[in-house]
Amino acid sequence: MPIAKSQPHGVSRKSFPTKETGPSNPQLRRRLRAWYRRNARDLPWRRTADPYAIWISEIMLQQTTVAAVIPYYQRFLAKFPDIQSLAAADQQQVLRLWEGLGYYRRARQLHTAAQVIASQHGGEFPSEFDKILTLPGIGRYTAGAIASFAYDQRQPIVEANTARLYARLLALKLPLTSSAAQEALWGLAQAIVPARKPGEFNQALIELGATICTPRDPQCEQCPLIADCQAHRRGWQNKIPVPAKKPVIEDVTETAVAICANGRWLLIQRAADERWAGMWDFPRVKTPSHEQQQGNVLVADSQSHRAADIRTELHQRLGVTVRSLDEFVTIRHTVTRFRITLNCLQAEARLRQVAHPARWFDLPEMVDLPLTTPARRIAKKLA
DNA sequence: AACTCGTGGAC
DNA sequence: TGTCCAAGAGT
């Protein structure tokens with residue numbers, strides 16, 4: 001469970017360690033607001049006060065760039081303009097609209113949350129911070145964002161842009177993911193958010209982090225807070241925040257088989273406990289490999305999978321007898337900690353009964369399904 | 001506290 | 001080609 005709900009009125013100005021130029025300096029806030037009024041980008045979710053629309057945008061924006069989100073946001077709101085329409089939708093439609101955006105749990109929880117709001121909040125998005133925070137997929141940041149943007153409540157926010165900005169203002173040398181750093185960042189966020197128009201002010205903080213206080217080569221000369229920045233004062237703006245250590249990437253080779261029978265294709269629905277849960281994929285078989293670590297990468301040296309083995313496994317798992325087995329395409333796909341080389345084969349089979357999670361689809365049906373990213377690429381080549 | 005979960009753009 | 005990174009949440 002999330003911790004330490006913020007206390008909007010619990011922190012006095014004097015309680016935060018501050019100098020003349022500290023975060024409680026009203027000049028700082030005035031400069032930031034003035035800068036924002038001149039430099040704010042015109043983003044779709046800044047044109048609305050609808051908490052539903054703002055909610056959708058915040059979920060989509062989690063770990064996702066603005067440019068990637070915009071077309072998804074437009075399509076999603078066109079299809080599901082309100083909580084009721086989303087709550088009434090079936091999950092496959094929601095996933096289809098989310099396809100390509102990644103982190104699909106967001107879509108499933110968004111859908112669940114809409115149903116919770118419909119059944120438990122009278123269909124109206126809750127305005128109380130603690131109630132917002134209880135909804136699935138909404139954590140401390142997103143609850144604060146919705147509360148401040150949609151309801152203009154004084155709530156602090158810490159996300160990628162603001163975390164970097166705060167870390168530089170404080171010359172914070174800790175990794176941002178550490179609990180000590182998180183405490184400092186939320187402390188500053190709480191101290192800096194004003195009582196007047198906190199939503200606009202939080203947007204201004206994000207905007208400054210996104211466009212001026214960038215990860216690399218920040219444009220300090222254009223920053224309205226240059227005089228308040230401890231990192232700039234010490235010339236550390238390129239050393240803060242300190243990089244986190246990167247996880248080992250594993251190299252994986254798999255074989256996918258596009259099996260056709262009488263114009264229908266065999267797809268598998270991914271299980272709830274695996275990647276791309278609920279989405280459809282071409283059947284895959286593991287390619288035997290011998291992993292070996294090279295530097296920071298686990299490399300799989302894999303001999304090409306024998307056709308006879310693939311045929312046997314498909315028969316055992318799906319009860320399908322494959323006749324031909326031809327090379328099709330190879331897709332390289334990088335996911336969180338894996339670099340997947342997907343050898344795709346094309347095959348023909350007899351149309352036979354298959355049991356869940358497998359199913360046959362004709363081409364028009366297939367293109368309407370929520371497909372995994374590699375499966376979508378394959379489907380496009382088949383069409 | 002460390003992992004998991006995706007994808008595409010910038011450099 | 002590789003590396004970094006994004007309006008995080010859940011476990």
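Labels below follow one simple rule: chain letters A, B, ... track the order of the sequence lines, proteins then strands, and each chain is numbered from 1. Computed from a predicted structure; not experimentally measured.
Ion pairing of A/R323 with A/E348 is present here, as a side-chain N (NZ or NE/NH1/NH2) and a carboxylate O approach within less than 4.0 Å.
Distance A/W186 CH2 to C/dA7 C1': 11 Å, rounded to the nearest Å. One atom, CG of A/L110, and another, P of B/dC5, lie 20 Å apart when rounded to the nearest Å. Atom-to-atom, CG of A/D273 to C1' of B/dC5 comes out at 13 Å; the value is rounded to the nearest Å. When the P atom of C/dA6 is taken as reference, atom CG of A/L43 falls 17 Å away, rounded to whole Å. At whole-Å resolution of the value, CD1 in A/I56 and P in C/dA7 are 18 Å apart. Rounded to whole angstrom, the span from the CZ atom of A/R339 across to the C1' atom of C/dG2 amounts to 9 Å. Taking atom CG of A/D251 as the reference point, atom C1' of C/dT1 lies 13 Å away to the nearest angstrom. Remark: C1' of C/dA6 and CD1 of A/I206 are 12 Å apart, rounded to the nearest angstrom.
The side chain of A/V66 approaches C/dA7 more closely than any other nucleotide in the set B/dT4, C/dC5, C/dA7. In the set C/dG8, B/dT4, B/dA1, B/dA1 carries the atom at the smallest distance from any side-chain atom of A/S179. Of the candidates C/dC5, C/dA7, C/dG8, the closest approach to any side-chain atom of A/T142 belongs to C/dG8.
Take A/R108 and apply the salt bridge (charged side-chain N to carboxylate O under 4.0 Å, His left out) test, not counting sequence neighbours, and it matches no residue. Evaluation of the salt bridge (charged side-chain N to carboxylate O under 4.0 Å, His left out) rule for A/R376 yields A/E99 as partners, not counting sequence neighbours. Under the salt bridge (charged side-chain N to carboxylate O under 4.0 Å, His left out) criterion, A/R30 pairs with no residue at all, not counting sequence neighbours. Every residue two or more places apart in sequence or in another chain that forms a salt bridge (charged side-chain N to carboxylate O under 4.0 Å, His left out) with A/R33 is listed here: A/E200. Qualifying side chain to side chain donor-acceptor pair (under 3.5 Å) partners for A/R350, counting only residues two or more places apart in sequence or in other chains: none. In this structure A/Q182 satisfies the side chain to side chain contact (heavy atoms under 4.5 Å, CB included) test together with A/L185, A/W186, sequence neighbours excluded. Residues passing the side chain to side chain contact (heavy atoms under 4.5 Å, CB included) test with A/N39, sequence neighbours excluded: A/W35.
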For each nucleotide in nucleotides 6-11 of chain B, reading 5' to 3', give B when a protein heavy atom comes within less than 4.0 Å of its base, S when such contact involves only the sugar-phosphate, and - otherwise.
BB---S

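Nucleic acid contact class of A/P136 (heavy atoms, under 4.0 Å, all strands): sugar-phosphate only. Nucleic acid contact for A/Q203: base, since at least one base atom lies under 4.0 Å from a heavy atom of the residue.
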Any chance you could lay out the side-chain contact (heavy atoms from CB on, under 4.5 Å) test for A/D50 and A/W45, step after step, and finish with the verdict?
CA-CA 9 Å; A/D50 177 7; A/W45 43 88; over 6 Å; no

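Taking atom C1' in both C/dA6 and B/dG6, the straight-line distance is 12 Å, to the nearest Å. For the P atoms, the distance from C/dA7 to B/dC3 is 24 Å, rounded to whole Å.
Using a 4.0 Å cut-off, no side-chain N or O of A/K246 falls inside it from OP1 or OP2 of C/dT3.
DNA chain C is contacted by A/E159, A/A160, A/N161, A/R164 of residues 158-168 of chain A, taking any non-hydrogen atom closer than 4.0 Å.
Here the options are A/T334, A/D251, A/T253, the test is side-chain hydrogen bond (donor to acceptor under 3.5 Å, both in side chains), and the partner is A/R339; only A/D251 passes.
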